[in-house]
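Down below is the structure, laid out as structure tokens.
Below, each value reflects all heavy atoms present in this structure, side chains not excepted, and no hydrogens, waters or symmetry copies.
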Amino acid sequence: MDEIIGQRRKRLVRAGFASMVEDIREYLDQWEENNKETAQEFLLALGQQLDDLFQIRTAHSESIPVDGMLKKIVDDLPLETVGRKLDICVSADPDIHLFINRMQLETICLGLIRNAVENTPDSGYIEIHVIEKADHTLISVSDTGTGITSASQKHIFKGFFHTQDSGAYASKIPFAFNAGGAGLDLLRIKTLADRHGFLLEMESDRCPHIPMDHDQCCGDRSVCSAVNHAEDCERSGGSTFSLLFPHVLFQAGENV
């Protein structure tokens, strides 16, 4: 079983490597246009960026109570600071643990939660569920947000990808609605998934009132003119990102 898992990891890493290199090359081109550092300063800065983005260094693993970790992340979100009005609920058995590096698990979960917050209009809600199955632990983050178009879903995990024109984003402030970004959170999570052997899945329905990437949401479902009631907006769109952690890796203490 260990050999099969090891071979699977290698295949996943090889399959994603070419795409990752292409993304990094594009990132380098963008960086070079906006920064005039010397070669040495540039390489040092790039190395730090790659370490931070992909968390390359081998990290210590420990048994993490998932419920407590998620609730702390939600409690620490700066929603009031950016004027957000969202309900975020965590549903998890306090006895569920994952054997993984704490910083990496926090980075993964915060990335999915931030993605949900930035794509969910005010007066919406986000649900985070942790469920223990027979052979894996499931963490899902579901939102009542704008949803992702079919065209954008094909590229969402590639990184450096905007689901709309960058000039259309209402804000660059983290956790603000429509904050935008280059998709680095999802790229980071996908890279960690390929490396460590957990699965990242997504389901999304685009709000039919803003069917195209360039269509804009008003930002508050309670005042949306396209629907008669806030509940209609809730049923119109949204996304669910799911993480599946196999027990053979994340409960047996074999993950790095």
Side-chain angles (χ1 to χ4, degrees), residues 70-71 73-91 108-130 139-190 200-243:
L70 287 171
K71 288 179 177 176
I73 289 175
V74 171
D75 288 343
D76 290 343
L77 292 177
L79 299 185
E80 292 185 5
T81 304
V82 292
R84 299 305 313 276
K85 297 179 294 183
L86 293 170
D87 289 328
I88 304 179
C89 126
V90 177
S91 175
I108 291 165
C109 294
L110 176 59
L112 290 186
I113 294 170
R114 176 165 52 201
N115 180 72
V117 168
E118 293 178 350
N119 288 283
T120 302
D122 284 338
S123 304
Y125 66 84
I126 296 167
E127 294 182 335
I128 306 166
H129 293 277
V130 183
I139 300 177
S140 65
V141 180
S142 301
D143 63 61
T144 57
T146 56
I148 305 166
T149 65
S150 297
S152 291
Q153 288 183 36
K154 300 174 184 177
H155 307 283
I156 200 69
F157 294 126
K158 293 183 179 180
F160 310 103
F161 175 77
H162 298 276
T163 57
Q164 55 182 302
D165 293 337
S166 58
Y169 289 115
S171 168
K172 298 296 183 182
I173 303 172
F175 298 100
F177 176 67
N178 221 20
L184 295 185
D185 278 333
L186 295 179
L187 173 60
R188 180 187 296 113
I189 296 168
K190 183 65 169 65
L200 173 61
E201 298 179 346
M202 176 202 65
E203 295 181 359
S204 186
D205 293 313
R206 179 72 169 183
C207 174
H209 305 294
I210 48 171
M212 307 301 292
D213 283 328
H214 61 264
D215 293 327
Q216 297 292 300
C217 172
C218 69
D220 189 336
R221 70 173 188 163
S222 67
V223 298
C224 178
S225 60
V227 296
N228 295 322
H229 304 284
E231 291 75 15
D232 296 332
C233 179
E234 173 187 320
R235 293 189 290 268
S236 293
S239 302
T240 296
F241 286 82
S242 300
L243 303 165

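Shortest non-hydrogen contact noted between Thr149 and Pro211 is CG2-O, 3.4 Å. Pro174 and Val82 get closest at one heavy-atom pair: O-CG1, 3.8 Å.
Contacts of Ile210 classified as side-chain contact (heavy atoms from CB on, under 4.5 Å), with partners at least two apart in sequence or in another chain: Thr146, Arg206, Cys207, Asp215, Cys217. Under the side-chain contact (heavy atoms from CB on, under 4.5 Å) criterion, Cys218 pairs with Val223, Cys224, sequence neighbours left out. For Asp75, there are no salt bridge (Lys or Arg N to Asp or Glu O under 4.0 Å) partners, not counting sequence neighbours. Not counting sequence neighbours, the partners of Lys85 by the side-chain contact (heavy atoms from CB on, under 4.5 Å) test are Asp122, Asp220. The side-chain hydrogen bond (donor to acceptor under 3.5 Å, both in side chains) search around Thr240 returns Ser142, not counting sequence neighbours. Not counting sequence neighbours, the partners of Ser239 by the side-chain contact (heavy atoms from CB on, under 4.5 Å) test are Asp143, Ile148, Ser204, Phe241.
Stacking of Arg84 on the aromatic ring of Phe177 is not recorded, the 6.0 Å distance cut-off and the 45° axial limit not both being met.
Asn115 places no side-chain N or O within 3.5 Å of a backbone atom of Gly111 that could act as its donor or acceptor partner. Put simply, the side chain of Glu118 gets close to the backbone of Phe175: a donor and an acceptor are under 3.5 Å apart.
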Does the pair Leu77 and Leu110 meet the rule for a side-chain contact (heavy atoms from CB on, under 4.5 Å), with working shown? CA-CA 9 Å; Leu77 292 177; Leu110 176 59; 4.0 Å; yes
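With rounding to the nearest 0.5 angstrom, the CE atom of Met202 is 11.5 Å from the CG atom of Leu112. The distance from atom CG of Asp87 to atom OG1 of Thr120, rounded to the nearest 0.5 Å, is 11.5 Å. Rounding to the nearest 0.5 Å gives a distance of 5.0 Å between CD1 of Ile88 and CG of Leu79. The CG atom of Leu243 sits 9.0 Å away from the OG atom of Ser140 when rounded to the nearest 0.5 Å. With values rounded to the nearest 0.5 angstrom, Asn178 atom CG is found 12.0 Å from Ile173 atom CD1. Distance check: Ser91 OG to Ile128 CD1 gives 10.0 Å after rounding to the nearest 0.5 Å.
For the pair Ser242 and Leu200, the minimum side-chain heavy-atom distance is 4.5 Å or more.
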